[in-house]
Number of protein chains: 2
Amino acid sequence: MSRQTVSNAINNPDLLRADTLARVRDAIEVLDYTPNQAARHLRTRSSHLIGMRLAPVQEFTASATTDRFVHALVEASREAGYHVLLFSGGRVAEGERPDPLGGYDDLLRSTSVDAFVVTDTYLGNPQTVGLTLRRAPFVAFGRPWDDAGAAHPWVDVDGAAGVQAATEHLRERGHERIAWIGWQPGSRIGEDRRAGWHRTMATHGLSTTGLEAAVDDTVDAGREAAAALLAASGPTAFVCASDTLAVGVLHALGERGLAPGRDVAVVGFDDSQVAQVMGLTSVRQPLEEVAVQLVAALQALLSPGHVTAPGVLLEPRLEVRRSTTGEY
Amino acid sequence: MSRQTVSNAINNPDLLRADTLARVRDAIEVLDYTPNQAARHLRTRSSHLIGMRLAPVQEFTASATTDRFVHALVEASREAGYHVLLFSGGRVAEGERPDPLGGYDDLLRSTSVDAFVVTDTYLGNPQTVGLTLRRAPFVAFGRPWDDAGAAHPWVDVDGAAGVQAATEHLRERGHERIAWIGWQPGSRIGEDRRAGWHRTMATHGLSTTGLEAAVDDTVDAGREAAAALLAASGPTAFVCASDTLAVGVLHALGERGLAPGRDVAVVGFDDSQVAQVMGLTSVRQPLEEVAVQLVAALQALLSPGHVTAPGVLLEPRLEVRRSTTGEY
DNA sequence: CTGAAAGCGCTAACAA
DNA sequence: TTGTTAGCGCTTTCAG
């Protein structure tokens with residue numbers, strides 16, 4: 001039997017007669033044969049590898065997105081027959097800005113990966129532009145905020161809807177003075193999340209004046225903002241743009257002897273481990289679903305004669321915990 | 001000029017005359033040439049890929065090791081000319097035990113990776129046994145607890161020393177009734193960490209009776225254990241086997257109106273994001289250094305005529321925060 | 001020090 | 001439906 005028949009048995013089983021196929025499969029079993037990926041890769045020009053650049057670790061933050069997302073991506077890729085290749089943008093010298101395309105080009109040109117998953121699109125996604133120019137296949141986790149006509153597939157989570165759900169939850173529990181602690185202007189994600197709060201307040205005819213702070217994404221900034229808001233306008237509930245800020249609010253409450261959920265309600269964003277162990281109500285992004293959709297988009301993208309997939313916007317879910325219910 | 005000269009220019013530059021080398025390098029620059037990895041991989045039978053299996057995500061835990069370690073490994077690998085290939089053990093059916101070798105075999109046999117980094121050696125490391133049998137090159141993050149004669153290179157962090165540092169720190173601050181909240185017996189890592197507490201107490205002639213609890217690694221278990229110990233023997237400080245347990249202690253203190261660091265001191269283990277944002281003193285593993293050592297061991301292992309590298313044991317560092325000092 | 005020949009293991013295209 | 005031919009792009013011999 002020729003090697004070609006074996007190749008067909010593996011890649012195009014329906015080309016073989018049933019009994020031939022069975023014979024090949026038996027032989028594969030007996031000989032414990034595994035195809036050599038390198039040779040296949042060289043021949044087919046496809047590595048079945050998805051590249052993903054890891055952003056630098058954020059310490060002293062409550063964010064937990066990366067870890068969960070990487071897991072989800074690995075799992076989703078596996079089911080689609082891909083593996084995930086991680087790389088970093090390289091060490092960034094003090095005071096220098098990281099190269100937005102660092103690491104991508106080499107991997108692609110050396111045919112090490114078939115495509116990329118781009119995750120840090122919040123920076124006005126310079127790399128999507130670059131990748132587009134170089135015609136690298138990629139899908140993005142994150143909307144092309146500034147470019148409605150962007151041609152690449154993307155998947156994102158509707159932050160505004162998540163914050164809206166959080167605000168509605170607080171409204172249902174009787175809160176009317178619901179404060180927002182968000183980020184400094186300039187972040188599209190931050191503006192999106194804030195919009196969810198603002199429009200929900202408007203819907204219910206609730207005033208937002210004096211109930212808002214825009215600060216850096218640190219625990220201390222959240223704590224100070226909460227302290228100032230508590231002193232100035234006495235909100236009974238806080239919705240925050242991140243778990244990090246929400247933890248700051250928890251600290252501010254603790255310093256004043258206020259019990260989260262009983263005296264003042266707090267909601268965070270991202271459902272980080274911090275939220276989970278501290279009993280913080282938080283908006284949880286469906287990262288598993290994001291990964292599945294991204295891989296699906298990638299497969300479509302890599303298929304011959306693919307149609308340009310539109311973007312996908314997923315709804316997050318509110319994880320209700322003690323910090324808004326007061327119940328253990 | 002023959003292609004061979006180009007190959008040499010890239011892989012064995014010292015074989016060429018200086019001017020030839022320069023000419024080749026110019027041409028590479030001008031033509032924007034990048035070697036095809038697949039072809040190189042096929043020819044040299046080395047993919048320059050390190051495989052690492054991702055353990056399932058632990059939710060509702062304060063652990064943060066994976067994320068930081070993966071980052072560190074990617075960075076260390078990059079500097080050594082490797083990339084990290086992530087894979088999962090596959091979905092585990094309800095009630096079934098995960099296949100300890102799931103995913104490894106295929107990757108190795110198909111020559112997709114050169115070697116593995118094995119991280120989940122705490123389970124009595126069945127996969128190190130399996131990998132040894134199959135003669136797969138690998139290095140382990142974690143000691144071969146049960147097999148002193150294990151032949152593979154490993155790197156680990158001295159948990160006992162970390163807990164010792166934590167206990168000494170508390171002793172220096174005047175604490176004498178220092179309690180330990182650890183895990184159920186059976187975990188070597190847990191026993192190791194506990195030993196650090198026990199021996200430090202003995203060194204200072206402090207009694208340990210009634211100051212110890214062994215529970216599951218959950219926030220609630222930590223909270224209940226702390227409550228029971230506080231009621232029974234009134235410790236003034238707690239050292240915990242994990243940040244998760246330490247968070248439980250923080251909850252128990254909060255319920256009793258006790259201020260962490262001022263009334264009762266608390267130390268965790270792992271320096272998770274939770275510890276960082278909650279101001280929890282914690283033992284931090286030097287994961288960056290672990291990754292560097294692992295990659296170095298891997299390179300030695302893959303070099304022809306390598307010597308069997310011994311294990312490396314690294315010292316963790318205590319991150320002192322509010323939960324033991326009381327100071328903001 | 002440089003060049004020519006051979007082949008890594010596989011699969012797309014074609015021929016039988 | 002199966003077998004034959006050719007070649008993916010590189011590097012390890014070995015000869016000039």
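Chain letters run A, B, ... following the sequence lines, proteins first, then strands; residues in each count from 1. This structure is a prediction, so every number in the text was calculated from the model and none was measured.
Rounded to whole Å, the distance from CG on B/L42 to P on C/dA6 is 18 Å. The CG-C1' distance, from B/N36 to D/dG7, rounds to 13 Å in whole Å. Computed from coordinates, the A/R40 CZ to C/dC8 P distance equals 18 Å when rounded to whole Å. Here D/dC8 presents its P atom at 15 Å from NE2 of A/H41, a figure rounded to the nearest Å. A straight line from CD1 of A/I10 to P of C/dA12 spans 12 Å, rounded to a whole angstrom.
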What are the atom names and distances for every N/O pair under 3.5 Å that joins the protein to nucleotides 12-16 of chain D?
residue: D/dT12; atom: O4; partner: B/Q4; partner atom: OE1; Å: 3.0

Using nucleotides 14-16 of chain C, report all nitrogen or oxygen pairs with the protein that are shorter than 3.5 Å.
none

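Contacts of B/D271 classified as salt bridge (charged side-chain N to carboxylate O under 4.0 Å, His left out), with partners at least two apart in sequence or in another chain: B/R284, B/R321. A search for side-chain hydrogen bond (donor to acceptor under 3.5 Å, both in side chains) contacts involving A/Q58 returns nothing, not counting sequence neighbours. Scored by the salt bridge (charged side-chain N to carboxylate O under 4.0 Å, His left out) test, B/D19 finds B/R17 as partners (sequence neighbours excluded). By the side-chain hydrogen bond (donor to acceptor under 3.5 Å, both in side chains) test, A/R43 is found to be paired with no residue, residues two or more places apart in sequence or in another chain being considered. Contacts of A/Q37 classified as side-chain hydrogen bond (donor to acceptor under 3.5 Å, both in side chains), with partners at least two apart in sequence or in another chain: none. Taking B/T44 as the reference, nothing meets the side-chain hydrogen bond (donor to acceptor under 3.5 Å, both in side chains) condition, with sequence neighbours excluded.
Within the structure, ring-ring contact (aromatic ring centres under 6.0 Å, His included) pairs that include any residue of residues 70-89 of chain A comprise A/H48-A/Y82, A/F87-A/Y104, A/F87-A/F116 (at least two apart or interchain).
The 5' end of DNA chain C is approached more closely, in terms of each residue's nearest nucleotide, by B/A18 than by the other of B/R45 and B/A18.
Put simply, B/T20 has a side-chain N or O that comes within less than 4.0 Å of OP1 or OP2 on C/dT2.
Using a 4.0 Å heavy-atom distance criterion, B/L16 is classed as a sugar-phosphate-only contact.
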